2 protein chains.
Amino acid sequence: MIRATDRGPAVTAVCRDPAGNARGRAGAAEGAVRVRRVTIRDVAAEAGVSLATVDRVLNDRKGVSAATISRVRAAVDHLDFRRDAFAASLATSREHRFLFVLPESGRNSFMANLDREVQAAAGRLADQRIRIRRVPYHEFNDADLCRVLDGISAEECMGVAVVAVDTPSVREAINTLVGRGVGVVTLVSDVTPSRRLDCIGINNMSAGRVAASLIGRFLGGRAGKIATVAGSLVLFDHADRLHGFNQTMAREFPQLLILPVIEGRDDSAATRPLVAGLLAQHPDLVGIYSMGAGNRGIIEALEASGRQRDVVVVAHELTAHSRRALIAGTFDAVIHQEAADEVENAVRALKAFADGQVGYVPPRVRIDIFVRDNLP
Amino acid sequence: MIRATDRGPAVTAVCRDPAGNARGRAGAAEGAVRVRRVTIRDVAAEAGVSLATVDRVLNDRKGVSAATISRVRAAVDHLDFRRDAFAASLATSREHRFLFVLPESGRNSFMANLDREVQAAAGRLADQRIRIRRVPYHEFNDADLCRVLDGISAEECMGVAVVAVDTPSVREAINTLVGRGVGVVTLVSDVTPSRRLDCIGINNMSAGRVAASLIGRFLGGRAGKIATVAGSLVLFDHADRLHGFNQTMAREFPQLLILPVIEGRDDSAATRPLVAGLLAQHPDLVGIYSMGAGNRGIIEALEASGRQRDVVVVAHELTAHSRRALIAGTFDAVIHQEAADEVENAVRALKAFADGQVGYVPPRVRIDIFVRDNLP
DNA sequence: CGGATCATGAGGTACGTAAATCATCAATTC
DNA sequence: GAATTGATGATTTACGTACCTCATGATCCG
């Protein structure tokens with residue numbers, strides 16, 4: 001057998017199955033190649049130090065002189081050594097435990113979908129030693145959310161992603177949680193000046209602006225009134241969308257009058273009569289911006305009124321209902337955020353924090369815009 | 001020291017740093033927890049077989065009776081055993097080698113960006129034993145592309161991602177490459193009935209349809225002529241976009257007349273006079289759909305004509321130029337594909353093939369739509 | 001000058017899976 | 001009944017990093 005110390009230089013030693021015959025795995029292409037990598041031994045040899053010293057340098061442990069550190073660093077650069085992520089993860093037998101705190105997703109299909117994506121991620125990441133649990137709380141209920149957050153200990157979990165309502169008590173609960181050493185990211189909707197690491201979600205101002213722009217342009221100069229429907233302005237994301245919407249509307253489409261926002265609590269049954277009322281009250285209603293869930297209520301009210309062709313509607317989140325409405329022409333555009341991306345980004349941010357990476361910046365979550373012609 | 005065989009049951013043994021004091025790493029949160037995982041030993045014990053047999057079952061090796069297989073499978077399910085991805089990767093000291101074949105990206109900023117993303121991915125994935133090399137070929141030159149493809153051996157690389165022109169000789173070259181056991185995905189633009197594993201790119205028909213829909217709706221009923229500008233119809237993606245565009249235009253906006261497509265070879269200098277000519281020739285030109293690169297030529301021609309406000313323009317790919325045009329109002333919408341996503345998906349698809357995973361379906365690449373109000 | 005601290009070396013074990021080798025024992029085949 | 005084949009066990013080595021312990025010489029400090 002060839003021992004580590006006897007092995008030739010890393011660059012040349014590339015070998016395949018010695019006998020040349022395919023190993024195992026029925027019929028598969030079997031692509032990969034066995035390779036001798038550059039290891040810390042090579043670095044140690046190059047720098048003229050021991051393995052222990054290389055290890056100390058690589059892991060920023062103390063007890064190494066500045067001169068030696070730079071010798072090792074130089075060797076690392078010279079050999080283009082990269083620590084093997086697999087070996088490193090194996091050696092530090094750690095597990096990352098995260099908690100996703102979401103509102104109970106009874107009637108809200110966006111939240112239900114988000115919850116599904118969290119589950120899916122949990123399954124996918126199990127083999128990478130990431131354990132994800134989910135905890136629900138009563139929708140819009142900040143006291144219940146605080147109860148959940150206060151019950152989280154740093155022992156049971158090192159990171160929390162939360163879809164939060166934006167209230168002072170929730171802010172406080174998040175801050176104390178962070179104080180206990182738990183990393184927190186807000187998901188979808190932010191909690192303003194809190195000590196959370198990041199907010200993982202779309203830029204909601206931007207979403208609101210696009211909605212305004214699309215409604216304005218689709219109306220092509222027609223004047224009239226615009227209705228705005230939110231789930232609840234306790235949700236920071238809805239408030240943000242409204243802000244962006246109003247801003248662009250005021251600047252670019254002064255001929256359109258924005259009606260006061262109505263709150264449907266993300267519930268179709270509650271939303272429907274509200275929208276029906278608006279339609280009846282304002283014969284010159286030409287557009288609707290739906291910021292939250294409860295789209296089915298809007299669709300039903302519109303279609304009952306028979307004015308679905310005359311009213312331009314931009315809504316949020318692609319679901320079975322909004323998709324149907326888009327195809328039918330009741331909705332004109334749907335602004336969407338991909339739940340899977342948000343979950344993935346949240347996990348990455350929490351993991352970066354748990355691993356002590358400073359200055360990790362999660363990638364932005366993209367805003368999807370769907371019209372009838374680009375439905376997936 | 002505790003030996004493997006002496007260890008207690010997996011469920012209970014959770015331990016932290018015995019002394020209770022923080023180890024190493026300056027100031028970091030140090031989240032992760034040491035955990036005793038369920039291993040193949042546990043599975044072996046549960047199933048009453050040896051490690052070797054468990055290994056045979058897990059890796060689909062032969063030499064195990066059906067009864068034993070199901071006993072092992074049952075134990076795996078019962079204990080919820082998941083093979084540790086890190087340990088597995090470490091044990092099979094393999095390296096994945098992929099090749100990205102892109103056109104030389106002299107003047108085309110989309111391709112230049114794609115190339116940058118490939119480089120970035122190569123850096124990111126180096127610690128995961130994925131080695132990515134890049135090879136350029138002369139833009140639009142199928143002979144040169146074939147030369148490159150023909151020179152690839154299964155030894156040096158097990159997967160190729162190629163931004164290809166759609167010609168019979170290229171198709172042939174791809175097919176023989178696949179015949180040699182190399183996995184091939186087409187990137188951005190497809191090569192039609194070839195034996196490539198997948199095409200990693202946006203749905204270009206869909207992109208064309210959206211472009212038509214946006215131009216039509218932004219024009220709000222105005223009639224007139226629409227210009228279509230492609231890089232070259234040798235590129236399958238441009239051809240596809242045009243197809244989708246024409247289809248939706250014909251069906252939904254019959255008042256708009258589509259002019260014959262012009263080909264600017266993805267080059268601003270070549271495109272500019274062509275567009276200027278169209279503008280001069282057609283005073284009733286109301287819209288432009290730009291399918292390829294060379295947007296700068298379009299912008300310059302439009303702004304020189306002074307008609308940039310009257311002509312609705314939808315273009316592809318967000319670059320410095322198209323972004324400026326969007327902000328200035330010269331462009332009305334930009335359809336974008338995120339190069340980073342495409343590279344990532346391509347690598348995943350190639351890796352899945354190299355690992356012999358059958359039926360891997362790469363996630364779709366999303367179409368980004370930008371207007372002035374949602375620029376990132 | 002004796003003890004303390006620092007820089008480094010030497011050598012190990014652990015992590016969990018892959019995969020190879022060799023040895024059994026039983027069933028099947030001729 | 002001997003030879004072959006199949007199923008299984010037992011045992012090892014390798015993968016590359018993390019991290020611990022102990023030893024050693026040097027330097028520093030009062």
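Residue numbering restarts at 1 for every chain, and letters A, B, ... go by the order of the sequence lines. Every heavy atom of this structure was used, including side-chain atoms; hydrogens, water molecules and symmetry mates were not. Please read all numbers here as calculations on a predicted model, not as lab measurements.
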Original post:
Does A:Pro363 have any side-chain contact (heavy atoms from CB on, under 4.5 Å) partners at least two apart in sequence or in another chain, and if so, which?
Top reply: A:Asn345, A:Tyr360

**OP:** Check the distance between D:dA18's C1' and B:Phe86's CZ and give it to me in whole angstrom.
**Re:** 14 Å

**OP:** Report the residues that fulfil side chain to side chain donor-acceptor pair (under 3.5 Å) with B:Asp198, sequence neighbours left out, ordered by chain and then residue number.
**Re:** none

**OP:** Nearest whole angstrom, please: distance from the P of C:dA14 to the CG of A:Leu90.
**Re:** 13 Å

Original post:
How many Å lie between CD on B:Glu95 and P on D:dC15, as a whole number?
Top reply: 14 Å

Original post:
Starting at CG of B:Asp55 and ending at P of D:dT8, how long is that distance when rounded to a whole Å?
Top reply: 14 Å

Original post:
Residues in side chain to side chain donor-acceptor pair (under 3.5 Å) with B:Asn175, at least two apart?
Top reply: none

Original post:
So, A:Asn59 side chain and A:Asp55 main chain: donor-acceptor pair closer than 3.5 Å or not?
Top reply: yes

**OP:** With sequence neighbours excluded, tell me which residues meet salt bridge (charged side-chain N to carboxylate O under 4.0 Å, His left out) with A:Arg133.
**Re:** A:Glu156

Provide a list of protein-nucleic acid N or O atom pairs under 3.5 angstrom, restricted to nucleotides 24-27 of chain C.
none

**OP:** Check side-chain contact (heavy atoms from CB on, under 4.5 Å) between A:Asp127 and all other residues, then give those that pass, not counting sequence neighbours.
**Re:** B:Ala85

**OP:** Round to the nearest Å and state the distance from A:Leu58 atom CG to D:dT17 atom P.
**Re:** 8 Å

Original post:
What is the distance, rounded to the nearest whole Å, between atom CZ of B:Arg61 and atom P of C:dT21?
Top reply: 12 Å

**OP:** Would you classify A:Asp84 as touching base, sugar-phosphate or nothing, given that sugar-phosphate means primed atoms plus P, OP1 and OP2, and contacts are heavy atoms under 4.0 Å?
**Re:** sugar-phosphate

Output one line per pair: protein atom, nucleotide atom from nucleotides 27-29 of chain D, and distance, for all N/O pairs under 3.5 Å.
none

Subject >> side chain to side chain donor-acceptor pair (under 3.5 Å) partners for A:Arg134, two or more places apart >> reply: A:Asp115

Original post:
Quick one: side-chain contact (heavy atoms from CB on, under 4.5 Å) partners of B:Arg71, sequence neighbours excluded?
Top reply: B:Val49, B:Thr68

Original post:
If only side-chain N and O atoms of B:Arg94 are considered, is one of them under 4.0 Å from the OP1 or OP2 phosphate oxygen of C:dA18?
Top reply: no

Original post:
Rounded to the nearest Å, what distance is computed from the CZ atom of residue B:Arg129 to the P atom of nucleotide D:dA14?
Top reply: 16 Å

**OP:** Please name all residues satisfying side-chain contact (heavy atoms from CB on, under 4.5 Å) with A:Arg73, sequence neighbours left out, ordered by chain then number.
**Re:** A:Val57, A:Asp60, A:Ile69

**OP:** Report yes if at least one side-chain N or O of B:Arg83 is closer than 4.0 Å to OP1 or OP2 of C:dA18; otherwise report no.
**Re:** yes

Check residues 74-82 of chain B and write down every donor-acceptor pair under 3.5 Å in which the side-chain atom is one partner and the other belongs to a residue at least two apart or another chain.
unit_1: B:His78; atom_1: ND1; unit_2: B:Glu46; atom_2: OE2; d: 2.5
unit_1: B:Asp80; atom_1: OD1; unit_2: B:Arg82; atom_2: NE; d: 3.4

Subject >> Length of the line joining B:Ile40:CD1 and D:dT11:P, which is rounded to integer Å >> reply: 15 Å

**OP:** Give the B/S/- string for nucleotides 6-12 of chain C, one per nucleotide from 5' to 3', where a protein heavy atom under 4.0 Å of the base yields B, of only the sugar-phosphate yields S, and otherwise -.
**Re:** -SBBB--

Original post:
Salt bridge between B:Glu95 and B:Arg129, side-chain N to carboxylate O under 4.0 Å?
Top reply: no

